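None of the values given here were measured: they were computed from a predicted structure.
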Amino acid sequence: METHRRDFLRNISGAAAVAASASVLSTDAEVVLTRISPTQETESNRSLRNLRAQFPLLKERVDGHFLVYLDSAATTQRPRAVIDAMANFYLHDNANPSKSLHTLAGRAATLYDKARATVARFLNARGPEEVVWTRGTTEAINLAASSWGGANLRSGDEIILTVAEHYSSLVPWQLAARRANARVRVLDVEDDGRLRLDQLDTLLSERTKVVVFPHVSNVLGLINPAKEICERAHRVGAFALVDAAQSVPHFSVDVQDLGCDFLAFSGHKMCGPMGIGVLWARRELLHAMPPYQAGSNMAHDVDIESGSAHFAEGARKFEAGTPNVPGAVGLAAAIEFLESLGFKELWAREQELTQHALSRFKDVKRLRILGPTEPTSRISVFSFVIENSQALDIVKALDARGIAVRGGDLASLPLMKRMGVPAAVRASCYVYTTNEEIDRLVSTLHGPST
């Protein structure tokens with residue numbers, strides 16, 4: 001991996017990273033600075049161009065228009081480093097992993113173990129045995145709710161969720177509560193979407209067994225005070241699960257500093273592959289939890305007569321069947337790619353995109369941003385509604401101009417209702433987003449089609 005990638009973000013930081021243009025809609029020019037002549041191009045522009053070149057799909061066209069990809073909260077694009085890592089596995093190391101069998105199996109096992117160690121280091125876990133491979137955040141939370149919840153929840157116990165939960169977090173715990181005859185209690189948000197922390201202590205009690213919350217809202221992009229919430233949960237003897245799907249792509253996450261008990265995230269939201277994710281849990285919890293699924297690789301010395309089986313230790317107890325080795329390899333490559341850019345630099349770029357977008361959205365008549373309109377304490381994810389316009393109609397109109405955004409209830413209908421809307425449009429940026437792409441979105445929203 002090239003060592004100079006970190007300089008990309010340093011160079012593109014600043015309000016002048018990309019020159020805004022009011023005429024971008026009429027010209028429909030390439031949004032990656034192609035309208036700037038070689039004599040005008042700055043070092044920051046060249047760095048941004050080089051960074052975007054790492055993401056092949058950004059060169060695509062949609063109905064003749066240059067693609068403006070503003071759907072990174074749903075899934076990010078993948079850099080060549082990730083694509084190459086996965087391709088190299090299939091080209092050179094493809095085998096079902098086993099350290100005790102043939103050479104390819106041994107190489108696959110080594111890569112798989114190395115990827116787990118990379119994730120453990122990335123999260124500052126106490127060791128790789130605390131990292132469970134899953135298909136993504138959804139399966140990770142289902143695993144915790146089914147395995148830990150099934151073993152620990154009893155009739156009369158309480159689970160605290162927030163009204164800002166994604167369905168991936170809300171529904172598994174609703175099912176766990178139903179199975180155990182436990183009760184779900186819901187932490188509300190302010191009118192601007194911030195969690196009502198003043199309500200938390202009134203909800204917490206000796207009956208509380210687990211507090212579940214998003215580190216960053218997938219709808220509003222707001223950063224919640226995870227460490228404080230974990231501390232409050234622990235005061236009453238409750239456990240804390242953090243949905244970090246929207247936070248790990250944007251800033252470093254330290255599970256020991258947060259003090260959480262479980263943390264879940266997906267690879268595809270941080271430049272990694274789809275179909276791979278992680279449940280991190282404290283090793284003592286994993287040791288006490290029953291298996292989530294059963295099968296090869298986690299069960300050994302199985303005997304039909306006695307019905308006995310020996311289960312693998314730690315995280316491996318929850319990984320039945322043939323593993324997704326290329327997914328793990330790709331996720332490790334994505335982590336290394338982001339680390340090469342530098343999370344401090346990522347966050348600085350994030351804040352600049354957020355400031356620019358919020359300032360431009362103010363120009364669109366009848367547009368309402370859901371959540372605070374100050375750039376602090378949020379990532380560059382913007383859900384909005386336009387008076388007298390349907391969310392999906394806006395999405396389709398933008399798509400016709402090559403602009404990819406998401407719309408609907410965003411798998412968060414309770415939060416939508418709390419914000420007083422049935423659906424919204426969500427535009428989400430990432431490190432490869434340019435100011436000019438945001439300008440093109442805003443210019444299109446000014447048009448008669450929306």
Trainee: Identify the heavy atoms of Glu129 and Arg283 that sit nearest to each other, and give their distance.
Mentor: OE2-NH2, 2.8 Å
Trainee: Over all heavy atoms of both residues, which pair between Cys271 and Leu338 is shortest? Give the atoms and the distance, please.
Mentor: SG-CD2, 4.2 Å
Trainee: For a 4.5 angstrom cut-off between non-hydrogen side-chain atoms, does His446 reach Asp363?
Mentor: yes
Trainee: Could you work out, with salt bridge (charged side-chain N to carboxylate O under 4.0 Å, His left out) as the rule, every residue matching Arg126, not counting sequence neighbours?
Mentor: Glu130, Glu284
Trainee: Check for a donor-acceptor pair, side chain of Ser412 on one end and backbone N or O of Ala164 on the other, with a separation under 3.5 Å.
Mentor: no
Trainee: Verify the distance criterion only: is there a donor paired with an acceptor across the side chains of Thr137 and Ser266 at less than 3.5 Å?
Mentor: yes
Trainee: Quick one: pull up CD1 in Ile379 and SG in Cys429 and give me the separation to the nearest 0.5 Å.
Mentor: 9.5 Å
Trainee: Tell me if a side-chain donor or acceptor on Gln351 pairs with a main-chain N or O of Arg378 at a distance below 3.5 Å.
Mentor: yes
Trainee: Do Ser428 and Leu70 have side chains that get closer than 4.5 Å, going by heavy atoms?
Mentor: no
Trainee: Considering non-hydrogen atoms only, spot the tightest contact between Ala240 and Ala233 and give its length.
Mentor: CB-CB, 4.4 Å
Trainee: In Å, rounded to the nearest 0.5 Å, how long is the span from OG of Ser247 to CG of Leu263?
Mentor: 6.5 Å
Trainee: Any chance you could lay out the side-chain contact (heavy atoms from CB on, under 4.5 Å) test for His215 and Phe265, step after step, and finish with the verdict?
Mentor: CA-CA 10 Å; His215 196 179; Phe265 70 93; over 6 Å; no
Trainee: Under 3.5 Å, is there a donor-acceptor pair between the side chain of Ser147 and the main chain of Leu143?
Mentor: no
Trainee: In the structure I gave you, are the side-chain heavy atoms of Val62 and Val68 within less than 4.5 Å of one another anywhere?
Mentor: no
Trainee: Under 3.5 Å, is there a donor-acceptor pair between the side chain of Glu60 and the main chain of Leu57?
Mentor: no
Trainee: Table please: side-chain donor-acceptor pairs of residues 369-376 below 3.5 Å, with sequence neighbours left out.
Mentor:
none

Trainee: With side chains defined as the heavy atoms from C-beta onward, is the minimum distance between Val132 and Val278 less than 4.5 Å?
Mentor: no
Trainee: Backbone N or O of Arg440 within a donor-acceptor pair of the Thr444 side chain at under 3.5 Å?
Mentor: yes
Trainee: Do the side chain of Lys317 and the main chain of Leu286 share a donor and acceptor less than 3.5 angstrom apart?
Mentor: yes
Trainee: Can you tell me how far OG of Ser72 sits from CE of Met270, rounded to the nearest 0.5 angstrom?
Mentor: 13.5 Å
Trainee: Is there side-chain contact between Asn324 and Trp133, with heavy atoms separated by less than 4.5 Å?
Mentor: no
Trainee: Set out, in order, the CA-CA distance, both residues' side-chain angles and the distance that settles side-chain contact (heavy atoms from CB on, under 4.5 Å) for Leu279 and Phe318, then state yes or no.
Mentor: CA-CA 10 Å; Leu279 174 68; Phe318 303 95; over 6 Å; no
Trainee: Please output the side-chain donor-acceptor pairs of residues 402-410 that fall under 3.5 Å, not counting sequence neighbours, one pair per line with the distance.
Mentor:
from   : atom 1 : to     : atom 2 : distance (Å)
Arg406 : NE     : Asp71  : OD1    : 3.1
Arg406 : NE     : Asp71  : OD2    : 3.1
Arg406 : NH2    : Asp71  : OD2    : 2.8
Asp409 : OD1    : Ala411 : N      : 2.8
Asp409 : OD2    : Tyr167 : OH     : 3.1

Trainee: In the structure I gave you, are the side-chain heavy atoms of Tyr69 and Thr75 within less than 4.5 Å of one another anywhere?
Mentor: yes
Trainee: Just to verify, what does Glu228 make a salt bridge (charged side-chain N to carboxylate O under 4.0 Å, His left out) with, not counting sequence neighbours?
Mentor: Arg232
Trainee: How would you list, by chain and number, every residue that makes a ring pair (Phe, Tyr, Trp, His ring centres under 6.0 Å) with His250, sequence neighbours excluded?
Mentor: Tyr430
Trainee: Looking only at heavy atoms, which two atoms of Arg360 and Asp439 are closest? And how far apart?
Mentor: NH1-OD1, 2.5 Å
Trainee: Are a donor atom and an acceptor atom from the side chains of Glu165 and Thr162 found within less than 3.5 Å of each other?
Mentor: yes
Trainee: So, do Phe251 and Ile223 sit near enough that their side-chain heavy atoms are less than 4.5 Å apart?
Mentor: yes
Trainee: Return the set of residues passing salt bridge (charged side-chain N to carboxylate O under 4.0 Å, His left out) with Glu190 (not counting sequence neighbours), or none when no residue passes.
Mentor: Arg196
Trainee: Can you name the ring pair (Phe, Tyr, Trp, His ring centres under 6.0 Å) partners of Phe55, sequence neighbours left out?
Mentor: Phe337, Tyr432
Trainee: Could you tell me whether a side-chain N or O of Arg426 sits under 3.5 Å from a main-chain N or O of Val381, the two making a donor and an acceptor?
Mentor: no
Trainee: Checking side-chain contact (heavy atoms from CB on, under 4.5 Å) for the pair Val219/Met416: CA distance, chi angles, key distance, verdict?
Mentor: CA-CA 9 Å; Val219 173; Met416 290 292 175; 4.0 Å; yes
Trainee: What heavy-atom pair brings Pro323 and Asn297 nearest, and what distance separates the two atoms?
Mentor: CD-ND2, 3.9 Å
Trainee: In Å and rounded to the nearest 0.5 Å, what is the CZ to CG distance from Phe262 to Leu285?
Mentor: 4.5 Å
Trainee: Between Asn96 and Ser98, is there a donor-acceptor pair closer than 3.5 Å when you use the side chain of the first and the backbone of the second?
Mentor: no
Trainee: Listing request: all side-chain hydrogen bond (donor to acceptor under 3.5 Å, both in side chains) pairs with a residue in residues 101-114, at least two apart in sequence or in separate chains.
Mentor: Asp93-Arg107, Lys99-Asp113, Asp113-Arg316
Trainee: Check the pair Ser383 / Met419 against side-chain contact (heavy atoms from CB on, under 4.5 Å), numbers first and verdict last.
Mentor: CA-CA 11 Å; Ser383 294; Met419 304 304 287; over 6 Å; no
Trainee: Does the side chain of Leu445 reach to within under 4.5 Å of the side chain of Ile394, using non-hydrogen atoms?
Mentor: yes
Trainee: So, taking the atom named NE2 in His268 and the one named CG in Leu331, what distance separates them when rounded to the nearest 0.5 Å?
Mentor: 11.0 Å
Trainee: Quick one: closest heavy-atom pair of Ser217 and Leu415, and the distance?
Mentor: OG-CD2, 4.1 Å
Trainee: For residues 361-386, pull every pair meeting ring pair (Phe, Tyr, Trp, His ring centres under 6.0 Å), keeping only residues two or more places apart or in separate chains.
Mentor: Phe361-Phe382, Phe361-Phe384
Trainee: Measure the CG-CG distance between Leu161 and Leu187 for me, rounded to the nearest 0.5 Å.
Mentor: 9.5 Å
Trainee: Answer yes or no: are there more than 12 heavy-atom neighbours, outside Gln390 itself, under 6.0 Å from its atom CD?
Mentor: no
Trainee: Can you name the salt bridge (charged side-chain N to carboxylate O under 4.0 Å, His left out) partners of Arg121, sequence neighbours left out?
Mentor: Glu339
Trainee: Is any side-chain N of the basic residue among Asp399 and Lys396 closer than 4.0 Å to the acidic one's carboxylate O?
Mentor: no
Trainee: Cys230 pairs by side-chain contact (heavy atoms from CB on, under 4.5 Å) with which of Val242, Val255, Val211, Leu241?
Mentor: Val242
Trainee: Any sub-3.5 Å donor-acceptor pair from Gln77's side-chain atoms to Pro56's backbone N or O?
Mentor: no
Trainee: Going by salt bridge (charged side-chain N to carboxylate O under 4.0 Å, His left out), name the pairs with one or both residues in residues 244-267, residues two or more places apart or in two chains.
Mentor: Lys227-Asp257, Asp261-Arg282
Trainee: Quick test of your reading: applying side-chain hydrogen bond (donor to acceptor under 3.5 Å, both in side chains), list the pairs with at least one residue in residues 414-424, sequence neighbours left out, ordered by first then second residue.
Mentor: Asp188-Arg418, Asp191-Arg418
